[in-house]
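Have a look at the structure below, then the notes.
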Amino acid sequence: MSQITLTFPDGNQKQAEAGITAAEVAADISKSLSKKAISAQVNGQHYDLQWPITEDAQIAINTLQDDAPALELIRHDLAHIMARAVQEIWPDVKVTIGPVRDNGWFYDFDRQDPFTPEDLAGIEKKMREIINARDAVKTEVWPRERAIQYYKDRGEPFKLELIDRIPEGEDLRMYWHGDWQDLCRGPHLVHTGQVPADAFKLTHVAGAYWLGDSSRPMLQRIYGVAFKSKKDLSAWTTMMEEAAKRDHRKLGREMNLFHMQEEAPGQIFWHPNGWTIYTELQDYMRRKQRAGDYVEVNTPQVVNRKLWEASGHWDNYQENMFIVEVDEDHAREKTVNALKPMNCPCHVQVFNQGLKSYRDLPLRMAEFGSCARYEPSGALHGIMRVRGFTQDDAHIFCTEEQIEEETAKFIEFLAGIYADLGFDQWTIKLSTRPEKRIGSEESWDRVEAALGNACKAAGYGYDIQEGEGAFYGPKLEFTLTDAIGREWQCGTLQVDPNLPERLDASFIGRDGDRHRPVMLHRAVLGSFERFIGMLIENYAGKLPLWLAPRQVVVASIVSDADDYVAEVTQALRARGIRAEADTRNEKINYKVREHSLGKVPYIFAIGMKEVEERTVSVRRLGENRTQTQSLDEVLAQLPTEARAPDLA
RNA sequence: GCUGCCGUGGCUCAGGGGUAGAGCACCCCCUUGGUAAGGGGGAGGUCGAGAGUUCGAAUCUCUCCGGCAGCACCA
């Protein structure tokens, strides 16, 4: 046996025989560590305590104190424990895969009958029994044939297919939790009792395609969440409740922003309150775009299929388009149109009007473009994923040499908008050439480099998403993080040399010849609908003053104050404030409660004292103290405070 | 689109083969009350749509439509 050198985190070194396990290393250090150990980091890899270490290694023993490995193991072992519990209750259920995910794990099963909520409770109970039994976790590497035979004997077709997909020559590792066995690459805990029995929960069941392929059978997926402690689990529960409170569909109803109905699935009926948010945001974007040297255009909704054929959408995107057939008089065939799913082909039509010179480039053409896409019914979600929406779309027509500078400019443009809207945390992802692509390698090299350089020039880092670009060019994606830590991909910039080619866009160069421009598709918000949904959830409905649909409610305390309430309301409106009077025959408590729930930023309460002194009693949303201010003072202050960030 | 669940007055929900219930909201009356629900009364529903089973269907069955959770989709 050859000797290897183990190096510990404190720098100490130790000689050991090759094949030693981390369990043995831990035992050698101390009895208490040996008891607490759950796994090890070996040369940066997460190792099972039972795996042999065969070469010189940096080694650190993990305990339950180490969050990342502990959570990974707890969740992964729970996946196995759950699968074991399911097969103990229903022996004929077939097992498939069960990875760790987000705050927990899932495991996919093949079973005739659906799992019910009562079934989940039964599974949880069985899982606790398994945990309390403190069954040993054991692992072995098996020869392929033995594993295949084993699963043939057990009648586990999905496992056989998994084995088939593991490359020849790679170890097939088996794990046992007690007597229950699963094919798994590990690592795992030492025994089931290391999983906290009170810090996990099965959350829900849903269908999921085998191997994520919609042509394969649909399995039943059981989701669970797990943490290190009961306290963490209840923190997660609280967080979920918080997210539910912020749900834009719920707040949209409560704040009377919009509704949807089945005659127009996936499309929004904006109410006055919601439309106010929309138009405020759009006005803001329009001002920003003008300041950013964009020109604004508007193009048709219903466009003949010829254009979609030319752009390539007819072939590649048809099933997502609303097709509109028109039976024109005297026509032998119906005219076939499609509602535009994107604005780009129309923008090229505008670009193509008249000769363009290199002096016209870069040409930044913006449109608040209303698009319709026939999204699959299962994809629809409130106002976030809809069939009718408006993009803050623009196409920058430029030369390849201008891509870098235009991209850098765009990033700065976008950064300013995100900051104005209250998002200071966001990241950039650069998606590079996919396997199926057009264009030369040199061109991909240049354009990918241009995007990367532009990020650096603008002062931002980025992550690379290998192979995730569109077939015609790389793209940047801008993902922002909301107030409760959720991520939303909103902004995008895509380089497209393809569409100008297909739709024959050109400009006259300095040399007098025709040249092909490149298009940069770009958006900051993405769609107004989705972005507003996200804003509502980010702010839990408590929008910044400038976006709030109702900025002030002036509420009377006694009806003798009604005239003054009307005067205050009119004075606010005259200064551009969205103010409403509330002189209903209700107590002030009632009015305060109602308008607080309605997320109105300011309630001005008016009683006889205010009438006599010409003051208002100001109550800000979220505060329960009030402040009396003179009417003149408020009228002078509020319009400034309510200004959009670019006008402040 | 797929799997599962759901669809009862404006909202939140109870009921579950024998002629539809609650709370809030709404309307009317009383009350003029100082910062998160004052009191009383009234009106309002062909129980998502269609077909079937039944003496009888909101309730059972089927088909559609829509919603929710996930999956797939988001050239």
Side-chain angles (χ1 to χ4, degrees), chain A residues 101 106 108 110-111 113-117 119 203-223 244 247 249-250 253-254 256 259-266 308 311-321 341-342 344 373-382 384-387 389 434 436-438 469-473 489 492 494 496 498-499 526-527 530 553 555-562 583-598 603-610 617-628:
Chain A
R101 191 199 87 121
F106 62 76
D108 290 347
D110 183 36
R111 180 184 180 224
D113 302 320
F115 289 109
T116 65
D119 289 342
T203 55
H204 59 286
V205 190
Y209 295 111
W210 169 232
L211 300 173
D213 181 342
S214 58
S215 68
R216 307 298 302 271
M218 180 152 282
L219 306 169
Q220 294 191 63
R221 175 172 296 180
I222 303 180
Y223 287 89
D247 191 314
R249 293 165 298 189
K250 178 173 137 71
R253 209 181 308 111
E254 289 172 1
N256 195 11
H259 85 272
M260 304 175 89
Q261 63 187 51
E262 62 177 278
E263 287 82 357
W308 306 116
S311 69
H313 290 91
W314 197 258
D315 284 341
N316 296 312
Y317 205 71
Q318 195 181 148
E319 62 192 31
N320 284 297
M321 292 199 282
M342 296 169 192
C344 26
R373 293 183 189 171
Y374 190 79
E375 300 285 0
S377 58
L380 303 178
H381 179 82
M384 301 272 204
R385 184 87 184 263
V386 287
R387 289 179 175 161
F389 58 93
K436 276 174 66 181
R437 60 177 179 268
I438 58 170
F471 69 91
Y472 47 74
Q489 196 247 300
T492 178
Q494 292 194 24
D496 183 3
N498 178 53
L499 199 61
S527 89
R530 190 172 98 107
V553 168
S556 60
I557 296 169
V558 293
S559 51
D560 283 345
D562 287 0
T583 52
R584 291 174 304 169
N585 175 16
E586 295 292 350
K587 295 198 169 173
I588 193 64
N589 288 313
Y590 183 93
K591 296 181 183 179
V592 165
R593 175 182 154 82
E594 185 173 288
H595 298 122
S596 298
L597 290 173
I603 299 169
F604 292 178
I606 310 284
M608 289 320 287
K609 190 158 135 302
E610 285 75 16
S617 166
V618 179
R619 184 189 169 111
R620 273 172 185 272
L621 182 58
E623 293 177 11
N624 43 22
R625 59 190 180 79
T626 61
Q627 193 192 353
T628 302

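Each chain gets a letter, A, B and so on, in the order the sequences are listed, and its residues count up from 1.
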Contact class for [X] vs. all strands (heavy atom < 4.0 Å): base, sugar-phosphate, or nothing?
X	answer
A:Ile603	nothing
A:Met260	nothing
A:Lys591	nothing
A:Glu623	nothing

Tell me whether [X] contacts the main-chain N or O of [Y] through its side chain, where contact means a donor paired with an acceptor under 3.5 Å.
X	Y	value
A:Arg373	A:Pro341	yes
A:Glu375	A:Gly266	no
A:Gln318	A:Trp314	yes
A:Glu254	A:Leu597	no

Identify the nucleotide, in any strand shown, that forms a Watson-Crick or G-U wobble pair with [N], with both distances under 3.5 Å; if there is none, say none.
N	value
B:C60	B:G52
B:C24	B:G10
B:U35	none
B:C2	B:G70

Next item on the list: Mark yes or no for a side-chain to base donor-acceptor pair under 3.5 Å between A:Ser559 and B:U32, with no hydrogen or angle criteria applied.
Entry: yes
Note to self: For a quick test of reading the model: is some side-chain N or O of A:Asn589 closer than 4.0 Å to OP1 or OP2 of B:A36?
What the structure shows: yes
Next item on the list: Measure up the A:His204 and A:Tyr223 rings against each other and bin them: parallel (under 30°), tilted (30 to 60°), perpendicular (over 60°).
Entry: parallel
Please report, rounded to the nearest Å, how far the [atom2] atom of [N] is from the [atom1] atom of [X].
X	N	atom1	atom2	value
A:Asn624	B:A36	CG	C1'	9 Å
A:Arg593	B:A37	CZ	P	6 Å
A:Asp119	B:G4	CG	P	14 Å
A:His595	B:A37	NE2	C1'	13 Å
A:Leu597	B:U35	CG	C1'	14 Å
A:Arg111	B:G4	CZ	C1'	12 Å
A:Leu219	B:G4	CG	P	13 Å
A:Ile222	B:U3	CD1	C1'	14 Å

Least distance between heavy atoms, [X] atom then [Y] atom:
X	Y	answer
A:Asp108	A:Phe106	OD1-CD1, 3.7 Å
A:Lys591	A:Glu586	CE-O, 3.4 Å
A:Ser556	A:Ile588	O-CD1, 4.1 Å
A:Asn320	A:Pro376	OD1-CD, 4.4 Å

Rounding to the closest angstrom, what is the interatomic distance between [N] and [M] at atom [atom1]?
N	M	atom1	answer
B:A14	B:C47	C1'	13 Å
B:A57	B:C62	C1'	14 Å
B:C29	B:G67	C1'	40 Å
B:G16	B:C60	P	11 Å
B:U61	B:U53	C1'	7 Å
B:G23	B:C30	P	23 Å
B:A49	B:G7	C1'	11 Å
B:C68	B:U46	P	25 Å

Output one line per pair: protein atom, nucleotide atom from nucleotides 23-26 of chain B, and distance, for all N/O pairs under 3.5 Å.
residue	atom	partner	partner atom	Å
B:A25	OP1	A:Tyr590	OH	3.0

Hey, could you give me the [atom1]/[atom2] distance between [X] and [Y], rounded to the nearest 0.5 Å?
X	Y	atom1	atom2	answer
A:Gln220	A:Asp113	CD	CG	8.0 Å
A:Ile606	A:Asp560	CD1	CG	13.5 Å
A:Gln627	A:Arg619	CD	CZ	13.5 Å

Under-3.5 Å N/O pairs linking protein and nucleotides 10-16 of chain B:
residue	atom	partner	partner atom	Å
B:U12	OP1	A:Arg253	NH1	3.1

Note to self: Check this for me: A:Glu319, atom CD, are more than 12 non-hydrogen atoms of other residues, nucleotides or ligands nearer than 6.0 Å?
What the structure shows: no
Next item on the list: Just do the side chain to side chain contact (heavy atoms under 4.5 Å, CB included) check on A:Arg111 and A:Asp119 with the steps written out, would you?
Entry: CA-CA 13 Å; A:Arg111 180 184 180 224; A:Asp119 289 342; 3.5 Å; yes
Check: Which letters describe nucleotides 41-50 of chain B, given B = protein heavy atom under 4.0 Å from base, S = only from sugar-phosphate, - = neither?
Finding: ----------
Margin query: Can you build the contact string for nucleotides 69-75 of chain B? Use B for base contact, S for sugar-phosphate-only contact, and - for no protein heavy atom under 4.0 Å.
Written below: SBBBBBB
Next item on the list: Report the residues that fulfil salt bridge (Lys or Arg N to Asp or Glu O under 4.0 Å) with A:Asp110, sequence neighbours left out, ordered by chain and then residue number.
Entry: none
Checklist line | With A:Tyr317 via ring-ring contact (aromatic ring centres under 6.0 Å, His included) - residues at least two apart | finding: none
